[in-house]
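A short write-up of the structure that comes next.
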Amino acid sequence: MEDTSSLIQIRIDKIKEIRENFGVNPFPYRYDITAYSKEIIDNFDSYFESEKKVSVAGRIMAMRVMGKASFCTIQDRDGKIQLYLAENKLGDEIYSLFKKLDLGDIIGVKGIVKKSKTGEITVFADEFTLLTKNIRPLPVVKEKDGETFDLFADKELRYRNRQIDLIVTPGVKETFLKRIQIIKNIKRILDSKEFLEVETPVLQPVYGGAAASPFTSHHNALDINLYLRISLEPYLKRLIVGGFDRVYEIGKCFRNEGIDRTHNPEFTMLELYQAYGDYNDMMALAEELIVDTVMKVNGSPKVNFDGKEIDLTTPWKKIKMTDAIKEYSGLDVMAMSDEDLQAAVKKHGGELKGDYIRGLAINELFELLVEDKLIAPTFVTHQPVETTPLCKPDIEDERFLQRFELFINGTEFANAYSESNDPVFQRKTLYDQSLRREVDEEAPPMDENFVQAIEAGMPPTGGMGIGIDRLVMLLTGESTIRDILLFPTMKPE
RNA sequence: GAGACGCUAGCUCAGUCGGUAGAGCAACUGCCUUUUAAGCAGUGGGUCCGGGGUUCGAUCCCCCGGCGUCUCACCA
């Protein structure tokens, strides 16, 4: 969208002409809409019989001028509708103003609803008002019998100019409306269970709750570095300590990593914490949140993704990580020696950072051999204790955690713990993790204030994180994260 | 991080075996009172991503760079 100067200049000149020759303000202040396109089309009979006048407004998407009468198609909030404008109804002057308009202009029309000779539902204009003059031409996308022509195909331009994409590319608006519905429904369910929606700091002096490289910023007045959060966990847990009992936040997290089909530097996470609950409660809640939402937005528990049909009907399979490895690869990691584990990781192309740690080797084997095979929803439980410092060990076998990860279509959709709340244990595990920074730059630094918060006493708590973007991708069938983010991160032009 | 591919008019794309370029839509000027990818006639519109090289001559060939798309790898 660069040098369109001559096309733009022609339209700027039109603005002047409209003001001077027609005495019309091309940018008036308001307009009363009484009906939207979809409602009129859905209820044509009653509009037709009542001969009630409607006021509609929208953007001109197509114009068919035939001398002294014209058809044009406008697009409003809900869809498209055809208008009929005739010189003998509107008068010479206003009709000739209409003929000067361009695709992309926004107009309002008042008139009655009838069908044209070819049967198309049409608003026959008695009055016509220019509401906004466009000066930057839109891509022209044509349509016939559901087939589209000259689609706005350049993905880069679509992402950089999403407002244009929303106007001209069929289906884009619907995808984002669905995203909005998904988030709204999740909030509705959590609100109904007395979870409180809260807002916690995005700018943090110490980041944590995950392993990732942060974005670093600087506060001038305080002369300190601040980090954009990589997770919501540390502050939400402070609120559990503070007595809120059930909290959640749906918000942006930021990770300074690569960009690809499933990763954007800023992305939306849901994290929720339930005092006096554990990871089993989180499992039930995960099923309810996702299944209720898919039913609400899609009307079916089955979704099509990557050409696969995925059935989200509950209950979902539950399997311990070590059993999953056995089931999918035949390796009995419980019976394997450390040497055999190391050899197996190497054999399958894995890599272990720093000194050998048995639990991390088991987790690595899971990622190498099992993860992408878990297409139907599967709760993988009992990860090795070394995989996270923030989770309680299982009662029956302290080498493993009271944790689950939910996998669908080979990717992680949720991660939940019986949250660690033993402050002595917590201080040790977080300190140990901070030491790993020497071999793993993604390990977060020690967070003394967080540990002190836990020292005040955090009740037994179940917590869960769900990647909202991936959930939206699953339920919309979009396989590229950029297609479900209104404004994905782009390099500057 | 690797590979493939792409970047030509506002949009979608052709094209030039190296001689500075075309279509459709959009725009502009006419005609047209039931059209719908409206139609008919005419007109204008381009740093062919940027820089260097080869060449009499580069948008085309070569090199470097930029940006992008896709695939793979990485990613608590």
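Protein chains get the first letters and strands the later ones, always in sequence-line order, with residue 1 at the start of each.
Rounded to whole Å, atom C1' of B:C32 lies 12 Å from atom CD of A:Glu87. Atom-to-atom, CG of A:Leu157 to P of B:G6 comes out at 18 Å; the value is rounded to the nearest Å. Rounded to a whole Å, the CG atom of A:Asp440 is 15 Å from the P atom of B:C74. Note: CZ (A:Phe149) to P (B:C25) measures 13 Å, nearest angstrom. Atom-to-atom, CG of A:Leu430 to P of B:A76 comes out at 18 Å; the value is rounded to the nearest Å. For the pair A:Asn161 CG and B:G10 P, the computed distance is 14 Å after rounding to whole Å. The CD atom of A:Glu147 sits 19 Å away from the P atom of B:G24 (whole-angstrom rounding). To the nearest angstrom, C1' of B:G44 lies 9 Å from CD1 of A:Ile10.
Under the Watson-Crick and G-U wobble criteria, each requiring two contacts below 3.5 Å, nucleotide B:U29 is paired to B:A41. In a base pair of the Watson-Crick type (N1 to N3 plus N6-O4 or O6-N4) or a G-U wobble (N1-O2 and O6-N3), with each distance short of 3.5 Å, B:A9 is matched with no nucleotide. In a base pair of the Watson-Crick type (N1 to N3 plus N6-O4 or O6-N4) or a G-U wobble (N1-O2 and O6-N3), with each distance short of 3.5 Å, B:G19 is matched with B:C56. As the counterpart of B:G65, B:C49 is assigned, both hydrogen-bonding distances of the Watson-Crick or G-U wobble pattern falling under 3.5 Å. Across all strands shown, B:G3 pairs with B:C70; the Watson-Crick or G-U wobble distances both stay below 3.5 Å.
Contact between A:Tyr279 and A:Tyr417 at its shortest, heavy atoms only, is CB-C, 3.8 Å. A:Leu401 approaches A:Cys391 most closely through the heavy-atom pair CD2-O, 3.6 Å. Contact detail for A:Leu232 and A:Met269: the closest heavy-atom pair is CD1-O, 3.7 Å.
Nucleotides B:U71 and B:A26, compared at atom P, are 34 Å apart to the nearest Å. Taking atom P on both nucleotides, B:C70 is separated from B:G10 by 24 Å, rounded to a whole Å. Distance check on atom P: B:C13 versus B:G18 gives 25 Å, rounded to whole Å. Nucleotides B:A23 and B:G15 place their C1' atoms 10 Å apart, quoted to the nearest Å. Taking the C1' atoms as reference points, B:G39 lies 14 Å from B:U34, given to the whole Å. Taking the C1' atom of each, B:G6 and B:U12 are spaced 15 Å apart, rounded to whole Å. Atom P of B:G45 sits at a distance of 33 Å from the matching atom of B:G68, rounded to the whole Å. B:G19 and B:C60 have their P atoms separated by 11 Å, given to the nearest Å.
The shortest distance between the side-chain N/O atoms of A:Arg64 and the OP1/OP2 oxygens of B:A38 is below 4.0 Å. Close to B:A26, at under 4.0 Å from its OP1 or OP2, lies a side-chain N or O of A:Lys142. Residue A:Arg261 has a polar side-chain atom (N or O) positioned under 4.0 Å from OP1 or OP2 of B:U71.
Within the nucleic acid shown, A:Ala211 comes within 4.0 Å of at least one base atom, counting heavy atoms only. Nucleic acid contact for A:Lys14: sugar-phosphate only, since backbone atoms but no base atoms lie under 4.0 Å from a heavy atom of the residue. Contacts of A:Val168 with the nucleic acid, taken as non-hydrogen atoms under 4.0 Å apart, are absent. At a threshold of 4.0 angstrom between heavy atoms, the contacts of A:Glu120 include nucleobase atoms, whether or not backbone atoms are also involved. Among the protein residues, A:Leu151 comes within range of the sugar-phosphate backbone only, with heavy atoms under 4.0 Å from sugar or phosphate atoms but none that close to a base. Within the nucleic acid shown, A:Tyr159 comes within 4.0 Å of sugar-phosphate atoms alone, with no base atom in reach, counting heavy atoms only. Here A:Arg482 lies in heavy-atom contact (under 4.0 Å) with sugar-phosphate atoms only. If you check every strand for non-hydrogen atoms under 4.0 Å, A:Gln82 touches a base.
Distance from the side chain of A:Arg11 is smallest to B:A27 among B:A27, B:U34, B:U69. Here the side chain of A:Leu7 is nearest to one of B:G68, B:G10, B:C70, namely B:G10. Proximity note for A:Gln433 (side chain, C-beta onward) versus B:A27, B:A76, B:C74: the nearest is B:A76. Of the listed nucleotides (B:A37, B:U33, B:C70), B:C70 has the atom at the smallest distance from the side chain of A:Lys155. With B:U33, B:C11, B:A27 as the choices, the nucleotide that has an atom nearest any side-chain atom of A:Asn88 turns out to be B:U33. Closest to the side chain of A:Glu156, out of B:C72, B:C67, B:U69, is B:C67. The side chain of A:Arg160 approaches B:G68 more closely than any other nucleotide in the set B:G68, B:A76, B:C28. Side chain of A:Pro389, nearest nucleotide from B:C11, B:A76, B:U34: B:A76. When each of B:C32, B:C74, B:A27 is scored by its nearest atom to the side-chain atoms of A:Asp260, the top-ranked nucleotide is B:C74.
With RNA chain B read from its 5' end, the first of the two nearest nucleotides for A:Val140 and A:Val65 is the one closest to A:Val140. With the nearest nucleotide of RNA chain B identified for both A:Asp154 and A:Lys144, A:Asp154 has the one nearer the 5' end.
Within the cation-pi definition used here (under 6.0 Å to the ring centroid, within 45° of the axis), A:Lys114 qualifies as a partner of A:Phe124.
At a cut-off of 3.5 angstrom, the base of B:U35 holds no donor-acceptor pair with the side chain of A:Tyr84.
Ion pairing of A:Arg229 with A:Glu249 is present here, as a side-chain N (NZ or NE/NH1/NH2) and a carboxylate O approach within less than 4.0 Å. Classification of A:Asp102 and A:Lys133 as a salt-bridged pair holds, one side-chain N sitting under 4.0 Å from a carboxylate O. Under 4.0 Å is where a charged nitrogen must lie from a carboxylate oxygen, and between A:Arg162 and A:Asp165 at least one such pair does.
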Side chain to side chain donor-acceptor pair (under 3.5 Å) between A:Arg11 and A:Asn134, intermediate numbers included: CA-CA 7 Å; A:Arg11 297 192 184 194; A:Asn134 160 296; 2.7 Å; yes

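Under the 3.5 Å distance criterion, the side-chain polar atoms of A:Glu441 are left unmatched by any main-chain donor or acceptor of A:Ser213.
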